[in-house]
Amino acid sequence: MNELQVKGNWNEIKGKLKKKYAQLTDDDLKYAEGEADEFLGRLQKKTGKTKEELKAEIENF
């Protein structure tokens, strides 16, 4: 899934992430175009998963 696809499905993906990881806040899930690494870093810090694991998880939503 590329960045454009993520943008198009973002509300759905965000809802699924919040459901799976209750500790994530709206601030954690703010996604700005071109800042994917920063976004993944925030998720990585909260979930303890690697960036690769998170990318794969998001792609499978």
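Because only heavy atoms are used, hydrogens play no part in the values below, and waters and symmetry mates are left out as well, while side chains stay in.
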>> Has Glu53 got a side-chain atom pairing as donor or acceptor with Thr50's backbone, closer than 3.5 angstrom?
In response: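 Looks like yes, one N/O pair under 3.5 Å.
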> Quick one: NZ on Lys14 to CG on Leu24, what's the gap to the nearest 0.5 Å?
Replying inline: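 Separation between the atoms: 11.5 Å.
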>> Quick check for you: to the nearest 0.5 Å, what is the distance between Leu40 atom CG and Glu52 atom CD?
In response: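 CD of Glu52 is found 9.0 Å from CG of Leu40.
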Between [X] and [Y], does at least one N-O distance fall below 4.0 Å, as a salt bridge requires?
| X | Y | value |
| --- | --- | --- |
| Glu35 | Lys30 | no |
| Asp28 | Lys46 | yes |
| Arg42 | Glu38 | yes |

Can you find a pair of side-chain heavy atoms, one from [X] and one from [Y], that are under 4.5 Å apart?
| X | Y | value |
| --- | --- | --- |
| Tyr21 | Glu57 | yes |
| Asn9 | Phe61 | no |
| Leu54 | Phe39 | no |
| Leu43 | Lys49 | no |

>> Under the criterion salt bridge (charged side-chain N to carboxylate O under 4.0 Å, His left out), I'd like the reasoning laid out for Lys18 against Asp26: C-alpha separation, chi angles, the key distance, then a yes or no.
In response: CA-CA 9 Å; Lys18 283 178 91 171; Asp26 286 334; 2.6 Å; yes
